[in-house]
Number of protein chains: 2
Amino acid sequence: MRTFLDCIPCFVRQALEAARFAGSEVSAHEYLLRETLGLAARMDLSQSPPAMGQIIHRRLRELTGVADPYRAVKQRFNRLVQSLLPDLRRGIRGSPDPLGAAVRLAIAGNVIDLGVCANLSDVELYVAIEQGRREPLLGNLEEFPQAVAAAERILYLADNAGEIFLDRLLIEQLPTGRVTLAVRGGPILNDATREDAEAAGLAAMVEIIDNGSDAPGTILSDCNETFRERFAAADLIVAKGQGNFETLSDVPAPLWFLFKAKCPIIADYAGQKLGAHVVMRSQAPPCTRALAASLLAADESRAIESDS
Amino acid sequence: MRTFLDCIPCFVRQALEAARFAGSEVSAHEYLLRETLGLAARMDLSQSPPAMGQIIHRRLRELTGVADPYRAVKQRFNRLVQSLLPDLRRGIRGSPDPLGAAVRLAIAGNVIDLGVCANLSDVELYVAIEQGRREPLLGNLEEFPQAVAAAERILYLADNAGEIFLDRLLIEQLPTGRVTLAVRGGPILNDATREDAEAAGLAAMVEIIDNGSDAPGTILSDCNETFRERFAAADLIVAKGQGNFETLSDVPAPLWFLFKAKCPIIADYAGQKLGAHVVMRSQAPPCTRALAASLLAADESRAIESDS
């Protein structure tokens with residue numbers, strides 16, 4: 001998904017919120033805000049919105065000298081969601097459709113997105129999880145169990161800390177031995193890193209890799225070789241959250257996007273209503289390598305034709 | 001009032017809304033947005049927020065080649081409110097407190113602010129006016145009738161088109177022969193100009209002057225000589241709307257601000273809650289000229305002391 005003009009005022013708001021989040025020095029808030037305005041004035045809009053988020057948060061970390069301004073809040077949400085796990089797991093086990101129940105919770109947890117709501121309270125989180133258990137899921141839920149059952153190599157792209165404990169509940173419902181979990185390569189906003197995945201006890205369940213990138217999404221060209229190989233080899237990729245949708249929506253791969261549509265532009269782009277809890281098969285051609293190879297071949301032959 | 005950091009994302013949003021309002025060409029939207037980002041990156045924050053609004057809308061008019069992009073919508077709101085006048089006037093005449101009832105309506109009309117809400121519907125306006133009749137007025141309403149009765153030279157600073165018909169109802173309650181109405185010097189957003197004041201039939205009731213400025217507020221240094229003389233000579237100045245509050249809140253003058261607090265930053269600065277209908281005596285020292293002269297004299301003597 002490219003950057004829409006409506007994303008720009010939102011970048012500016014997010015930069016101010018992020019600067020305030022990282023410290024109380026007003027001159028630093030003003031500096032980051034002016035930097036962001038200058039960057040946005042010259043931004044290449046063909047990039048996905050998380051490309052700008054990556055730049056803003058790099059500047060924020062440089063400016064504050066704090067490597068991970070969101071560390072404390074990530075730990076807070078990890079603790080909060082951890083305390084809910086026994087109850088939530090009982091709910092899944094007692095459900096006539098455990099996979100569906102786990103999907104619902106994993107998407108409900110996507111409310112923990114401090115880029116969208118910088119001051120999410122404990123109560124708002126509890127309410128969101130409770131509502132998420134009953135919220136209708138839009139998209140292609142009915143096809144998801146079959147896709148999971150048929151997949152040999154599942155790559156699960158995590159989104160946020162806290163939320164990753166609910167991802168764990170979903171991963172518990174996926175076939176053992178087939179899942180690799182990918183987290184961000186470094187601190188960015190409140191996105192989950194290896195530390196959060198380990199806090200959620202996932203290291204004992206699945207292989208954890210990091211994507212080598214500090215973008216709040218998955219910009220393939222910015223990811224490391226290991227991640228790209230796993231991405232290309234996967235026959236099912238669960239991509240959690242808006243950032244992964246924004247960066248991967250046009251990538252031809254066997255992607256399933258699971259997210260809460262918190263932004264009207266993203267909701268519109270996904271063909272869903274604002275606030276929807278979405279389980280969506282990628283609209284980009286799903287058959288990755290064969291199709292990509294044939295598209296590349298076609299492109300090359302066209303290039304040769306136009307050169308000759 | 002200076003520009004707060006929170007005003008900046010709002011400028012960016014307003015620029016995009018204004019560009020879309022003025023035409024459907026996406027390249028023009030992008031151009032104005034990028035221009036605004038560049039300007040905001042370098043903005044002097046000691047200026048009041050309407051100084052930026054003035055620049056954005058000048059650029060918009062240059063870019064579209066349309067001298068008054070909001071003309072049609074101003075006429076629409078003029079017609080809408082005009083159609084309500086007979087009923088509303090009957091309400092005022094039947095009220096035990098006609099001045100208070102007229103103040104309520106004049107403030108209710110301040111909802112017609114396309115800088116805050118670009119797509120105000122007819123129904124939203126009707127509801128706002130109906131609610132405004134019952135809305136408690138915060139500030140210093142109890143002192144207002146006395147101030148009006150004591151004033152010899154009342155200067156009434158209009159805000160928006162449409163709203164100016166409700167200003168007319170309030171002006172009907174002010175002492176005959178003592179009121180001068182001031183409008184903007186040129187088209188800016190949906191602010192009232194001479195054309196709107198005349199459409200509201202005000203030319204037959206009061207003297208109308210324009211302030212010579214195309215700012216969405218009253219930036220005194222940008223106003224013409226006639227306006228500034230009337231401003232200095234007035235012993236009561238009714239300043240309608242947020243823009244006039246933002247630009248005049250720190251000016252020592254016998255100002256009364258009447259507005260609906262639609263922005264959290266302005267509400268906070270005025271010490272009121274968001275959404276409040278406000279009748280507020282200026283917090284800046286009210287005794288204009290004498291005080292200004294003594295402050296100037298004190299400044300000069302301090303300057304002389306520090307020079308010597």
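To find a chain, count down the sequence lines: A is the first, B the second, and so on, and within it residues start at 1.
- Between B:S282 and B:S249, the shortest heavy-atom distance links the atoms OG-O, 4.2 Å.
- Proximity of A:L255 to A:M280: side-chain heavy atoms (C-beta onward) are nowhere separated by under 4.5 Å.
- Put simply, the side chain of B:S213 never gets that close to the backbone of B:C223: no donor and acceptor are under 3.5 Å apart.
- Looking at every heavy atom in both residues, B:A270 comes nearest to B:F259 through CB-CZ, 4.0 Å.
- When each of B:D159, B:T193, B:D214 is paired with B:R184, the side-chain hydrogen bond (donor to acceptor under 3.5 Å, both in side chains) condition holds for B:D159 and for no other.
- The salt bridge (charged side-chain N to carboxylate O under 4.0 Å, His left out) analysis of residues 259-269 of chain A, with sequence neighbours excluded, yields the pairs A:D113-A:K262.
- Residues of residues 44-60 of chain A placed with any heavy atom under 4.5 Å of a heavy atom in chain B are listed by number as A:L45.
- Residues of residues 64-75 of chain A having a heavy atom under 4.5 Å from any heavy atom of chain B: none.
- The closest donor-acceptor contact from the side chain of B:E124 to the backbone of B:S121 lies under 3.5 Å.
- The backbone N or O of A:A192 lies less than 3.5 Å from no partner atom in the side chain of A:N160, so there is not a single donor-acceptor pair.
- Residue with the most contacts toward chain A among B:A40, B:A41, B:C10: B:A41 (heavy-atom pairs, distance under 4.5 Å).
- Within residues 13-38 of chain A, the residues approaching chain B closer than 4.5 Å by heavy atoms are, in numerical order, A:R13, A:L16, A:R20, A:V26, A:H29, A:E30, A:L33, A:R34, A:L37, A:G38.
- Under 4.0 Å is where a charged nitrogen must lie from a carboxylate oxygen, and between A:D250 and A:R2 no such pair does.
- Using a 4.5 Å heavy-atom threshold, the side chains of A:V116 and A:Q242 count as touching.
- In this structure, A:D122 and A:L80 have side chains that are in contact, with non-hydrogen atoms separated by less than 4.5 Å.
- In this structure the side chain of A:L114 never reaches within 4.5 angstrom of the side chain of A:N119, judged on heavy atoms.
- Listed for the A:N211 side chain is a donor-acceptor partner under 3.5 Å among the backbone atoms of A:G185.
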